[in-house]
Amino acid sequence: MKTLSKIRLALNPWAGRRAEREAWEMFADAAMAYLECSERSAAEHDQLRKDVDEFVGVFNDGMLASMVAEKFTCTETDALARFFARAGHTDVAELWLECHAEGDDDLDDLHRDYKDDDDTTGTVVDLGKYIVELAA
């Protein structure tokens, strides 16, 4: 079965990226739904908060973000940043968005503003405002 999956991925590498993106989005949505569920006991909620804080602690690393974020698509980065922001860690969300925007040279990048067609570098959007809209 693994060999068949490798062959499919070799024939269509974008399928793997799409699955990766969908997994990030599902993770962020599921984690936040779990956090917001009022039926959880206080102990379950506290444990989940500790787990989220541990996860955020691992990703609150500028070196990691600078090496990895530019490889994510805008959608993947947004899903991760949305999770961080909704979990109360807007500083970590901004870190990942900033590192993604600095390393992403796609002219359609959602995290950069371009003055005109001749502007090939653009400027990073106002991330504070972007995060508020993203987490809403």
*Is the backbone of L95 close enough, under 3.5 Å, to the side chain of E98 for a donor and an acceptor to pair up by distance?*
no
*Within the distance-only criterion (no hydrogens, no angle test), does the side chain of R86 pair as donor or acceptor with the backbone N or O of A81 below 3.5 angstrom?*
no
*Selection residues 56-67 - residue pairs positive for side-chain hydrogen bond (donor to acceptor under 3.5 Å, both in side chains), sequence neighbours left out*: none
*For D53 and H89, does a side-chain donor sit closer than 3.5 Å to a side-chain acceptor?*
yes
Nearest-0.5 Å distance, [atom1] of residue [X] to [atom2] of residue [Y]:
{"X": "E54", "Y": "K50", "atom1": "CD", "atom2": "NZ", "answer": "11.0 Å"}
{"X": "M63", "Y": "C99", "atom1": "CE", "atom2": "SG", "answer": "11.0 Å"}
{"X": "T90", "Y": "F84", "atom1": "OG1", "atom2": "CZ", "answer": "12.0 Å"}

*Applying the side chain to side chain donor-acceptor pair (under 3.5 Å) test to T77, which of E70, R82, K71, H100 qualifies?*
H100
_Set of residues satisfying salt bridge (Lys or Arg N to Asp or Glu O under 4.0 Å) with respect to D51, sequence neighbours excluded_ = none
*Could you go through the side-chain contact (heavy atoms from CB on, under 4.5 Å) check for W96 and L64 one step at a time?*
CA-CA 9 Å; W96 279 82; L64 174 66; 4.0 Å; yes
*For A93 and A85, which heavy atoms make the closest approach, and how far apart are they?*
CB-N, 4.1 Å
*Minimum heavy-atom distance V92-F59, with the two atoms named*: CG1-O, 4.0 Å
_Just so I know, are the side chains of L97 and D78 near enough to count as touching, which here means a heavy-atom distance under 4.5 Å?_
yes
